[in-house]
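Okay, structure first, notes after.
Sequence lines set the chain letters: A, B, ... in the order given, protein chains first and strands last, and positions in each chain run from 1.
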Amino acid sequence: MEYNFREIEAKWQQYWAKNQTFKAENPALSGVEGVSDKPKFYVLDMFPYPSGAGLHVGHPLGYIASDIYARYKRHKGFNVMHPQGYDSFGLPAEQYAIQTGQHPAITTEANIATYRKQLDEIGFSFDWSREVRTSDPTYYKWTQWIFIQLFNSWYNKTSDKAEDISTLISIFEAEGNANVKAACDDEIEIFTAETWKNYSEEEKQTILLKYRLTFLSETEVNWCPALGTVLANDEIVNGVSERGGHTVVRKKMKQWSMRITAYAQRLLDGLAKIDWPQPLKDSQTYWIGRSEGAMVDFKVDGFENDKISVFTTRPDTIFGVSFMTLAPEHELVSKITTPDQKEAVEAYVKATAKRSELERMADVKTISGVFTGAYALHPFTGEKVQIWIGDYVLAGYGTGAVMAVPCGDERDYAFAKHFGIEIINIFEGVDISEEAFTDKENSVIANSDFLNGLPYKKAMKTIIYEIEKRGFGYGKINYRLRDAVFSRQRYWGEPFPVYYKNGLPQMIDKQYLPIVLPEVEKYLPTEDGKPPLGNATTWAWDTNTNTIVSNDLIDNVTVCPLELNTMPGWAGSSSYFNRYMDPQNSEEFVSKEAVEYWQDVDLYIGGSEHATGHLLYSRFWQKFLFDKGIVPTDEYAKKLINQGMITGTSAFVYRVEGENKFVSKGLIKDYKVQPIHADVSFVNGSDELDVEAFKNWREEYNDAIFIGENGKVLSPTLSKGKGANGENKVLLLEEDLGGDKYIVGREVEKMSKSKYNVVNPDQICEEYGADSLRLFEMFLGPLEQSKPWKTSGISGVYSFLKKLWRLYIVNDEFAVSNEEPSAEELKTLHKTIKKVEEDIANFSFNTSVSTFMIAVNELTALKCNKRAILEPLAIIIEPYAPHIAEELWHKLGHSTSVSNVDFPIFEPKYLVESSKEYPVSFNGKMRFKIELPLDLSVKQIEDIIMAHEKTQEQLQGRTPKKVIIVPGKIINIVG
RNA sequence: GCCUCGAUGGCGGAAUUGGUAGACGCGCUGGAUUCAAAAUCCAGUUCUUUCGGGAGUGUGGGUUCGAUUCCCACUCGAGGUACCA
């Protein structure tokens, strides 16, 4: 009776699907007995984007880990929800559509089918009845609904939460907006209740838009006219688009934005109460970028009505200001520049416009700038301060202007030195002739009027008080975080539930959702530069019938144009974890009962690349939904783990330059060679190349000559035989080569199709089975670290599974005995239980696999065949290798799934030892070992050890200075 | 530049509060079984050695009876971020 993984795995995968073994019940809704008594546990994976390439072995790593955890929790008596779905809107499907005309929905559907097949083959315990797809109208209906909720809300800083826009309107009607503290647009005019009531409906709406949590704003974007779209920073390389190399310009566009900045402080504070990796928290903290300081206005000499506002974190150094720097794009630049400087300034502004923001920021070494000829007036001293422009100041950050204090800031110092600007020292007892003094905590202010002699903290308080008293500024907490642009000029995304009347956005009522993506002829932007939805001919809203109608009917009275942008990639993923709780609900986003029961995610596993994208936006939406009373917690995931990347081990062959000849790795120093990626599937575990497979790979290599490691020309004689893993292959026999082989070079790189180092899970499942794949992925190393993939090692876990199987087999028949287990057997079992439970608690799955191997090795050595040992063993291994466990469990005579059986209880009594093999060290170096009873006193141990002949041998007559004995641990003799 | 993580045999890695460095697996070497192979099993495998031993966890210091583990300085690698005022 062989371990036939193909048969076993197919059988149990079908069984689980048929019996809905992993369906998680919502007790309140289902009334399923027994479920409601169990505590809930919610294990979540970051759902995948279903790309055309399918899964490679890197993808399931986190899924396997979370699956082990979910399965373990079922054994521990929890009602576990472990859902999966697809983040199925996205660019690749759209690009494929542009190239081929194939509708993205069709491509996406096909890709999902591939993913599903691959996921099923690995034996995950997903509850597929809860599947969501972000591109499914029944799902994005709720994305649109949340958008409407955001539109209908404003952020009240007084109550410190989002409130319905109606509460704001009531305040306006009662007392105007003078006392409203809200997260809102920067420049809002103050009005009274009287004025508000006299505003037209349009004027009112325009004002309200400045307060809403999602709002239209003019945003500067990277516009690529050739592609007809906006590009993200990372899609621009050297100032041109990554795709196609087209020109990119900065352009202002009216777009939807999300007022995430309203939540900056709460997003920061919330980090303290969630168990997420510190590096991830650090990067969110940095991204939010809280800084305390002051806004200060500087008057411009000769321009009575203009002022330059700056934000500074060091208002205490204001007496050290010797110049100001404006971003070249600053609106005052053209106005205040003197005729003398005009030419230079204009040239500089022009040069800056050509540089991308990225380029400007990457170039740290060159100091550049131009004097405008104008002067600002120091608010305290009234002295004239030069106004410069410099491209290190960014228009998009803060006010686009900096008050420069060279003695206290390295960059200002370098700038001042470079252009010979005065450097005023305002620090007591500090030499600034060589560099700026930036240690603010240890600074004492001097040369600064009323601030003289004050340390940093006192000086800050005093100066902010003075600034506010004199009325040219105020203390302010600034955040680096920007409001998030929420419009995309794409086709394959969620349509907005928005139409425009007289240029003002109107929300479509909830009952008419979803607004379904229209059909278009082409997926490209229109010729006049409108987004792809501009191609739709039926894309107008009839306000009488509340239906989408033909554009021909637009009259801007009853029929109005619909929004042409779509939502960004992160829209659908920002709250999907809540939707899993109640995925089929068509009346509500999530029912009260469901969300009260499931509450939040107990364990979330995914990649760290989402640190400041998805993981920040989703926290923002959760806080908003919490404010609205829709969800009961304002942080949605208690615990988060980042799985590390699996890198590929690329293989290289070496072509002699100018020839169609390849030399083996050991010979490359004798030739001028060019390394070429070879597909890793042509290489075996000993880095030997299957030369024939490589030759047949591409026509250009058909006639290539290969020189082996020993310098022999590899003969092309073919022979049938077995490959390294037992598969049938046509290969070169060693005799034919005179024992010579072609050895490839290896290098660890990111796993990628273009590097030919991708390994698919399907291949592995086919050759070794899903249980082997699962064990091997865990065995590779710590979950959170990145690690290279090398398929050759998989034979180790495969042998282990065969060895485990054989424990249950006697004379080729399945058989276990009912004999009482021995102390040794019980010890093996219980130390395994203990270690595996500790490992799961620590997410240390790699060490669990080792522990299983040790247990099976020991039980094999003991020839253990006893039910009392082997039955619990099948349970504890189930989370890791569920198929073989289920098979063994049923063979042991059970008729229901092993997945909900109680985990064996660890009994410490089986591990109690009476003696210990003490390591005896001399000066910290272990020299020999001695077996001693554990109940000896320190004195007794010392007497025994000092009398020992090996001790005397080591000491060679010396008298030890000290003998350290830690009972149960070590003996160390010093001297 | 800054932030974060990491560096242990030929390779992946283990060593849970400072206490036997190299568990477990791959690979490799030798052997058993076999007509042969696959599979399986057994033994060995950090380096070095005059076979007594000696050295050894990126480098250099420090704390300690004792350091892969703690502290300081540095080198290299990976990821992120970026003249952030």
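Put simply, the residue from A:T312, A:T325, A:D412 that forms a side chain to side chain contact (heavy atoms under 4.5 Å, CB included) with A:M403 is A:T312.
Base orientation at B:G66 is anti, since its O4'-C1' glycosidic dihedral falls outside 90° of 0. Look at B:G52: its glycosidic torsion is within 90° of 0, and that puts it in the syn range.
When the C1' atom is compared between B:G6 and B:G58, the two are found 11 Å apart, to the nearest whole Å.
Among the protein residues, A:R290 comes within range of no part of the nucleic acid, since none of its heavy atoms lies under 4.0 Å from any strand. Across all strands shown, A:V974 has heavy atoms under 4.0 Å from sugar-phosphate atoms exclusively, and none from any base. Contacts of A:P782 with the nucleic acid, taken as non-hydrogen atoms under 4.0 Å apart, involve only primed sugar atoms and P, OP1 or OP2.
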task: Using a 4.0 Å heavy-atom cut-off, write out nucleotides 15-23 of chain B from 5' to 3' as B (base contacted by protein), S (sugar-phosphate only) or - (no contact).
output: -B--BBS-B
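Classification of the A:H610-A:H614 ring pair by plane angle, with boundaries at 30° and 60°, yields perpendicular.
OP1 or OP2 of B:C65 has at least one side-chain nitrogen or oxygen of A:K962 nearer than 4.0 Å.
Taking the six-membered ring wherever Trp is involved, the centroid distance between the rings of A:F323 and A:F415 falls below 6.0 Å.
Checked by atom type and distance alone, the side chain of A:R774 pairs as donor or acceptor with a backbone atom of A:Y880 at under 3.5 Å.
For A:T313, counting side-chain heavy atoms from C-beta on, the closest listed nucleotide (B:G27, B:G25, B:A85) is B:A85.
With 3.5 Å as the limit, one finds a donor-acceptor pair spanning the side chains of A:D839 and A:T847. Neither side chain, A:K962 nor A:N972, offers a donor N or O lying under 3.5 Å from an acceptor on the other.
Contacts with RNA chain B (heavy atom under 4.0 Å) in residues 797-806 of chain A: A:S799, A:K802, A:K803, A:R806, listed by number.
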